[in-house]
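Each remark here refers to the structure printed beneath this line.
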Amino acid sequence: MTRRLSSVQPAAPIRAAAGLALGLTSVFALFAGTASAQTTTGTTTTSSTGLTVGINPSSLITHTLPNGSDFTRDSTLNPTGINFEDCERDVVLNFPLVASGTASAASGYALYAFAGTNCDQGSTYVSPGVAGSTCWPVVNGPISYNLNASFVIGIRARQILSQATFTVKEPFTTVATTDDSVCHIQPTSAALQISVYFVFGTTMGLASIGGSGVTQINADLAAAAPPTSLTIGIGSTVLLPTWNSITDQDIVGYNVYYQPLGAPAAATTMQVCPGSDGSTSDESGTTTTTTAQSFTLNALGDDGGDDGGDGGDDGSTDAAATPTSAAQGCYNTTPINATPIADAGVPYHPNGVDCPSPYPAGATGSGDAGDLSGVSTADAASDTVDTTSDDGSVGTISTAASVADISMQPREAKLPDGSYKYPFVTATGNTANSATLSNLTNNVEYVVGVAATDSYGNVGALSTFNGSDMICQWPQQVTDFFDSYRSAGGLAGGSFCQVESPDLPTGAGGSALVAGAALVFALRRRRR
Amino acid sequence: LIRHLVATATSLSAVLAASAMLGVLTWAPDARAVDDRGDILTGRHRRAFESPQRWALEFRGLLYAPNIDSDSALGNNTPYKDTFGTMKRLAVQLEVDYQAVRIPHLGTLGPGIGVGFTEMSNNTYILGHPDEPAKEQTSLDIYPMYLVAVLRADVLKRELKIPLVPYVKGGLGLALWRASNDAGTSTFTQTNGTTVKGEGHTFGTELAAGLMFNIDVFDPVGAGNLDQSTGINNTYIFAEYYDANLTGIGQSHPLLVGSSGWAFGLTVEF
């Protein structure tokens, strides 16, 4: 029997109302001059026509997945920028714009979107495809807009990045959803800075500018270097990994991934239902209404098949995809929360031992193994296109490109109990060099890897250990002082207040202190 | 960290002792006679201003090594030494005395209460492999406390103008203790399957004798001003030998966390 635990897909009227409310809120905020905690900045240029267009200063550039689900990062992780995951998922950057002017002034002009340099210079503008061109269209043709009102333009990340490295910028070409080569154009750690222009022009040639606005998009597609010298210290029900931190100021922390090796769990099966696809237009450049989408996880009483559509094979326990409710796009999944196989005879290895990675073949060097449902990437053997569903979990993309694989932040891969499908702990700060993995099971083998995360949310390659990216280690029963004391014949212990002799009442120690304090105060009062 | 603190405390103790010695050697009664008015005949020794004196506050540092391994139940085993070694740890304490009675031509007498803390820690080792340390830490926290009677014989200072005050303390002691590891409070599973938590308390006696040196002699004017502005009558540094004989009075299975040794610190009377 299927029991739906939650549903967060709003009905169409509700979505419409929400969209209207969102729009009204934006307009109100625009005219009221209120600004949110983090605003998007841009520059607006007014020409003799009086037309203006630019970023709405009271709104944010947001990210949505191709299916409309919100994918905006935490405010601390450059949410308006593009990271590797954004590129691989080909997220839509939603630019909040506002255009003003008279209808007569706007007559004869259309609104276009370009990326590049000096795309608003009119007479010096060189058309794409011509030597000297510095701008490329990111939307094919004119953009629909609302004059004297706020509106949103959605532009795919890959379109923005598509010609960043071209010497001569070319006319508009749609980047195929199956082509992620543009996501590998930045082998260094320095972020790309790309200006996006919104220009009122008479034609795509932009010989005559009727007003323009520009904003800068930063893109960091490079993985952080792997931490080095990972060792896994042993404790009782804990493992204590340490590593050498990376001297890169862009690093904001480290994710320490761990999971037990062993047989898959038998019972924990979930049904995964993707959020309904929003009515966004991410390629045509038409006006969009963004509605937050999400997915639901439904507990199942029996073991189903698998999550539908593995964007990146998690390489572990998932079986074949079995749609259970095609209308809803729901699938059953068995997550990786393997039941450990106890091994009482585990040997002692101070720093752990090399062990096979549980992550997908070809994806070594990545920090998070898991599904990449919804990602339109089909350029590697381990990736299959999944345009049907998004189970919310994310994972490694293994590409045919030679660029080192970069894993992804598993921020949506949560189980019904709130835990992550692929558990990790976070060590904050670029100088962090240790973590504690607790509540583990003694004598069970755990595979552990650590990856750095940068200020854009990129998760770098895993640390290496003897050529592998994972270390296996076993929490083991250790002997602490109290063990030694009791084993040697000592009999003390129990609790702070326990009194083993009938001569003294429980809490005698505390009572003595209270009595002492009372004596002091009594004497003081008497003195007065 | 503990080693560092102990080293620092040792250095500080040396400095304090040296300072005390220097003070005694260089102390000149004539220099303080300018501001102090001594009256041998009446037994009074006053500054131009002297606020009432009822309390003493001690900031104490102790070198602490619990006598756990002396427990006869352990036989010849030495679990404390095996785990934490023989190095003494630094304990910090705060003591408050109420000087209830002034005994003419002797000093003050009254109750005092002290509370302190010390911790020792080291790596655990793999069960069955005592030569293979694990990374997990094991710690023993001790909170030594006592309720004592304190006699401070300040007659030398007050009547003979010698800035030394010997003192003795005696009373009851109590220590709370907790053994822990990275997972929290330690536990031990007994053969009957029950577990015992690694925490408890131990009663005993507390004895101490020490000597305070009045550092006001270095700046009598400043000391007078301090008294006038804050009510602090005297400031001392001290060295003391203490014996926290926490053997478990009335207890059948105490953890012998008592210690004896030297304590140093600062005392103010107000």
Side-chain angles (χ1 to χ4, degrees), chain A residues 231-242 348-351 434 436 438-440 442 475-504 507-510 512-513 515-517 519-524 526-528, chain B residues 54 68 71 73-75 77-80 82-84 96 98 100 110-111 113 115 122 124-130 132-140 145 147 172 174 176-183 186-188 190 196-203 248-256:
Chain A
T231 62
I232 312 296
I234 297 172
S236 181
T237 71
V238 299
L239 290 176
L240 304 161
T242 60
Y348 169 69
H349 297 281
N351 297 322
S434 65
T436 299
S438 55
N439 297 322
L440 308 181
N442 282 343
Q476 297 183 50
Q477 180 63 49
V478 298
T479 299
D480 65 7
F481 163 70
F482 195 58
D483 288 323
S484 298
Y485 168 77
R486 294 288 302 210
S487 299
L491 297 170
S495 72
F496 282 132
C497 297
Q498 179 174 329
V499 175
E500 300 170 25
S501 168
D503 298 337
L504 291 174
L513 291 177
L519 175 63
V520 169
F521 283 103
L523 289 171
R524 188 181 183 192
R526 183 179 177 185
R527 184 77 177 183
R528 287 176 179 169
Chain B
R54 294 289 182 272
I68 293 171
D71 188 346
L74 298 174
N77 296 309
T78 55
Y80 178 84
D82 296 344
T83 306
F84 301 117
V96 180
Y98 179 69
I113 187 169
V115 178
N122 206 346
T124 58
Y125 55 87
I126 304 297
L127 180 64
H129 302 272
E132 297 174 343
K135 197 168 183 179
E136 184 175 357
Q137 293 281 299
T138 178
S139 300
L140 176 63
M145 296 172 276
L147 180 62
L172 297 175
L174 165 69
L176 304 181
W177 58 269
R178 173 177 177 261
S180 63
N181 51 42
D182 286 359
S186 299
T187 58
F188 179 79
Q190 304 180 103
V196 180
K197 292 182 70 175
E199 59 187 22
H201 66 271
T202 307
F203 286 108
I249 297 176
Q251 293 178 269
S252 54
H253 304 304
L255 186 68
L256 305 184

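Lettering follows sequence order; numbering is per chain, from 1. All heavy atoms count here, side chains included; hydrogens, waters and symmetry mates do not.
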Side chain of [X], backbone of [Y]: donor and acceptor closer than 3.5 Å?
{"X": "R486(A)", "Y": "A492(A)", "result": "yes"}
{"X": "E136(B)", "Y": "D182(B)", "result": "yes"}
{"X": "Q251(B)", "Y": "H201(B)", "result": "yes"}

**OP:** Could you tell me whether the side chains of T231(A) and T242(A) share a donor-acceptor contact shorter than 3.5 Å?
**Re:**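 T231(A) vs T242(A): donor-acceptor pair found between side chains.
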Original post:
Which heavy-atom pair separates A183(B) from T237(A) by the least distance, and what is that distance?
Top reply: CB-OG1, 4.3 Å
**OP:** Looking only at non-hydrogen atoms, find the nearest pair between Y485(A) and L491(A) and report the distance.
**Re:** OH-N, 3.4 Å
Among [options], which residue forms the greatest number of heavy-atom pairs with chain A at distances under 4.5 Å?
{"options": "L172(B), T138(B), T78(B)", "result": "T138(B)"}
{"options": "T202(B), L256(B), T124(B), D82(B)", "result": "T124(B)"}
{"options": "P79(B), S180(B), S139(B)", "result": "P79(B)"}

**OP:** Flag the pair M145(B) / L176(B) as yes when at least one side-chain heavy-atom distance between them is below 4.5 Å, and no otherwise.
**Re:** yes
Which bit of [X] is near chain A, if near means a heavy-atom gap under 4.5 Å: side chain, backbone, both or neither?
{"X": "L140(B)", "result": "side chain"}
{"X": "Q137(B)", "result": "neither"}
{"X": "T187(B)", "result": "backbone"}
{"X": "A179(B)", "result": "side chain"}
{"X": "I68(B)", "result": "side chain"}
{"X": "Y80(B)", "result": "both"}
{"X": "T83(B)", "result": "side chain"}

**OP:** Indicate the ring-plane relationship of F482(A) and W177(B), choosing parallel, tilted or perpendicular according to the 30° and 60° boundaries.
**Re:**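 The arrangement is tilted - the two ring planes meet at 30° to 60°.
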Original post:
Is it the side chain or the backbone of S236(A) that comes within 4.5 Å of chain B heavy atoms, both, or neither?
Top reply: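 The answer is both parts of S236(A).
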**OP:** Examine whether an atom of S487(A) lies under 4.5 Å from a heavy atom of chain B, and if so say whether it belongs to the side chain, the backbone or both; otherwise answer neither.
**Re:** both
